[in-house]
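Just the heavy atoms: all of them, side chains too, but no hydrogens, waters or symmetry mates, feed the values below. Sequence lines set the chain letters: A, B, ... in the order given, protein chains first and strands last, and positions in each chain run from 1.
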Protein chains: 2
Amino acid sequence: MTTHGASLIDVARAAGVSTATAGRALGGYGQVSERTRERVLAAAAELGYRPNGLARSMVTGSTQTIGVVVTDVANPFFATALRGITDVTSPAGFEVLLANTGGVLEAEQRAVSVMSEKRVDGVIVAAARPGEGAHLRRAMDAGVPVVLIDRQVSGVPEADSITVDNDHAAAEAVGHLTELGHRRIGVITEAGDQLARVRTGNRRRGLFPSAVRLRGYVSALEAAGLPVDAGLVASARYDRESAYDAMNRLLDLPEPPTAVLCTDNVLASGAYRAAQDRGLRMPTQLSLIGFDDEPWTTLVRPELTIVEQPTYDLGARAGRQLLDRITDGTASRRPQHIQLRAKLVARGSTVPQ
Amino acid sequence: MTTHGASLIDVARAAGVSTATAGRALGGYGQVSERTRERVLAAAAELGYRPNGLARSMVTGSTQTIGVVVTDVANPFFATALRGITDVTSPAGFEVLLANTGGVLEAEQRAVSVMSEKRVDGVIVAAARPGEGAHLRRAMDAGVPVVLIDRQVSGVPEADSITVDNDHAAAEAVGHLTELGHRRIGVITEAGDQLARVRTGNRRRGLFPSAVRLRGYVSALEAAGLPVDAGLVASARYDRESAYDAMNRLLDLPEPPTAVLCTDNVLASGAYRAAQDRGLRMPTQLSLIGFDDEPWTTLVRPELTIVEQPTYDLGARAGRQLLDRITDGTASRRPQHIQLRAKLVARGSTVPQ
DNA sequence: CTGAAAGCGCTTACAG
DNA sequence: CTGAAAGCGCTTACAG
């Protein structure tokens, strides 16, 4: 019950060797004879020796720890990606230092800074604000590899990124609807205020996934020769209630849409509910598409057509990418920007118009 | 782009002061004159100084880091609890070192050991095996406070614990059904093999939550004067498919149950689906109760009656409890065993028989 | 308010 | 194979 605990010096003394030898026996580096190793191990066991990782990291320069910064761990998307990260990095002997920013830039800046001070070997971040990358660049300049997930960030071109091809994902969903004959297609999105911006530019960097998806929606309409009607773009905050209201606004239109795309899974659940509560018959009176293959999407009737994101894989790849950087060194290769494909899963909620 | 970066020595030299003074100016401890503080801060900024948390922790004896060990971060239950933990500990200046064990004891042992070596200030663990606590006791003996969540563990009576009163929760659910007049009530559970054990003992320590819930089921039946029919206890693994099969087995019985309790939310989703696929009309032909207020439970028709666990609160309380221990020291108070109440939320899936 | 020195607990050349 | 010594980068008494 020694709270302070025995140090290497104590073990060495008890075993009658130098601390260097004791360290070699315990740490598994250098050469030690079988006899001394046994003596040291016995002494360590006797004293309840617990190596001090801080001291070791100070001299080796590696903490075997990576930082992971997300906006919300409770969000199934990030929880699943996080699992992908730990599944890859844990076998490699790394642990994860986790920070939850709640989407607040200042919290993210603080987290990255503290992690950097704690000398993590690298960091994976789902940025709170795609437009703000100065703190990430600072970390990279200090020698901490950064891998971006889910969102590209402007101002940090040197950072690797693993994202989903949201442009394509949304376009495929809308294409599915136009092929079914729908001509008035609504969208419920968090990025409604960026419609104008999205129609002109074509950068992904600096945009939220929702904005990129909105662009995919627009380009798919244009590809099908359909007009882009701003009245069919319904803005919602990232919660069910807000999506519920947005859906009702669309359905209250003089000429309501025959099909609606929701740019994420939370919005989809609110929209689905709104349609149910109005007594609207899906899919005959309304076709609906959401994002993410959440359990509920196959429990409801009709089952929801969705765009399935490779969420777990996103995390796993980010973990692997960071591990590579940690091994190879930051400056060795050019930044990698990996885009993963999402997959349209057609189910009962979408039918020909 | 200095990978090694400037140390306190460099800053001190540049500012023309001792490292002690530079440290005081930067670290915000001790006394420094305004003039020197400014000089030091300027020098630090110029050199891009980044304090070394490892060195600081070595001397202060605190890392401002807590360990969190769960079986599966991707599980909404743990993801939500984790959010509760970070929301409480982050404002206090602590970060979370996370490990995912996949429910494998050896992984948990390794994680706790490594965290202890990294000198976390304390650890919160959702144990993989309620019967195995030796490694946790070892951590406590080394001075690392341990707070158990969701599961009590035998062999670590000194550790605090925050759990849900699963006994009561399940009993309340079954009581709801017996009051509605149901007399043949089935249960789908992961702990089916522990029916005998559960009927005799009454310890909670060393039991999985599912086993405790099974006991609640049993005692509620007995309280209502109903027989406990082992044929109505359907075993399932922790996945939808397995629960799907279990539900079908129950419904294939010569005398099938009129109501079924699922001891967690994953099992409930599989069971719900099975009932749907058989074309069974809920709730008239079958009443169903699940656990956890997942989004899908109000999207399906009928909406699912559930037992709502205070998941976020579980994490938040655990975080607070650990913070207390870190401040007060391990030995100062007797272990706290907090049991939170779950709440029955009656919805459309349960009706009188 | 400021500085010189010791110390936290390891690992790493460097000799032998 | 083993040891003496230096060093990683801080903070903390102790003097002044």
Side-chain angles (χ1 to χ4, degrees), chain A residues 2-41 43-44 47-65 114 116-121 142-143, chain B residues 2-41 43-44 47-65 114 116-121 142-143:
Chain A
T2 39
T3 296
H4 277 128
S7 76
L8 198 52
I9 300 185
D10 304 314
V11 176
R13 197 171 302 154
V17 297
S18 70
T19 61
T21 298
R24 286 189 270 251
L26 258 15
Y29 53 89
Q31 304 292 326
V32 208
S33 78
E34 196 46 46
R35 274 203 56 203
T36 31
R37 159 170 289 117
E38 280 166 14
R39 277 225 311 282
V40 172
L41 259 42
L47 296 172
Y49 173 68
R50 191 174 51 127
N52 186 319
L54 300 172
R56 169 182 299 159
S57 291
M58 277 253 287
V59 26
T60 63
S62 149
T63 52
Q64 297 293 103
T65 305
V114 171
S116 166
E117 292 185 5
K118 287 183 179 169
R119 294 301 191 262
V120 295
D121 296 329
Chain B
T2 40
T3 297
H4 277 128
S7 77
L8 197 53
I9 300 187
D10 303 316
V11 175
R13 196 172 301 154
V17 296
S18 71
T19 61
T21 297
R24 286 189 269 252
L26 257 14
Y29 52 89
Q31 305 291 329
V32 209
S33 78
E34 196 46 47
R35 271 203 56 203
T36 33
R37 160 171 289 116
E38 281 167 12
R39 276 225 311 282
V40 172
L41 261 40
L47 295 172
Y49 173 68
R50 188 174 53 126
N52 186 319
L54 301 171
R56 170 181 298 159
S57 291
M58 278 254 286
V59 27
T60 62
S62 148
T63 53
Q64 296 292 103
T65 304
V114 170
S116 167
E117 292 185 5
K118 287 182 180 172
R119 295 299 190 263
V120 294
D121 295 330

* Measure the distance from CD1 on A:Ile9 to C1' on C:dC10 and round it to the nearest whole Å. => 9 Å

* **Test side-chain hydrogen bond (donor to acceptor under 3.5 Å, both in side chains) applied to A:Thr36 - qualifying residues, sequence neighbours left out** => A:Ser33

* With A:Ser57 via side-chain hydrogen bond (donor to acceptor under 3.5 Å, both in side chains) - residues at least two apart -> none

* To do: Only stems of 3 or more consecutive Watson-Crick or G-U pairs count here, both distances under 3.5 Å; name the ones for DNA chain D, or none.
  => C:1-3 with D:14-16, C:5-12 with D:5-12, C:14-16 with D:1-3

* To do: Round to a whole Å and report the spacing from CG of A:Asn52 to C1' of C:dG7.
  => 13 Å

* Asked: If you take all heavy atoms of A:Gly61 and A:Asp121, which pair is closest and at what distance?
  -> O-OD1, 4.3 Å

* Integer-rounded Å distance: D:dT2 P and A:Leu26 CG -> 14 Å

* Asked: Touch check for A:Thr36, heavy atoms < 4.0 angstrom, all strands: base, sugar-phosphate only, or nothing?
  -> sugar-phosphate

* Per-nucleotide protein contact string for nucleotides 11-16 of chain D (B base, S sugar-phosphate only, - none; heavy atom under 4.0 Å) -> BBB---

* Can you tell me if B:Thr65 and B:Lys118 form a side-chain donor-acceptor pair at under 3.5 Å? -> no

* **Between P of C:dC10 and CE of B:Met58, the distance in whole Å** => 8 Å

* Does A:Ser116 have any side-chain hydrogen bond (donor to acceptor under 3.5 Å, both in side chains) partners at least two apart in sequence or in another chain, and if so, which? -> B:Arg50

* B:Leu41 to B:Leu26 - nearest heavy-atom pair and separation -> CD1-CD1, 3.3 Å

* **Interatomic distance, B:Lys118 NZ vs C:dC10 P [rounded to whole Å]** => 16 Å

* Could you check how far CZ of A:Arg37 sits from P of D:dC1, rounded to whole Å? => 9 Å

* Asked: Can any side-chain N or O of B:Thr63 pair as donor or acceptor with the backbone N or O of B:Arg119 at less than 3.5 Å?
  -> yes

* To do: Please determine, for the side chain of B:Ser7, which listed nucleotide (D:dG9, D:dT2, C:dG3) has the closest atom?
  => D:dG9

* Which residue pairs satisfy the side-chain hydrogen bond (donor to acceptor under 3.5 Å, both in side chains) criterion with at least one member in residues 20-32 of chain B, sequence neighbours excluded? -> B:Ser18-B:Thr21

* Value in whole Å for how far the C1' atom of D:dC1 lies from CD of A:Glu38 -> 15 Å

* To do: Applying salt bridge (Lys or Arg N to Asp or Glu O under 4.0 Å), name anything that partners B:Arg37, two or more places apart in sequence or on another chain.
  => B:Glu34

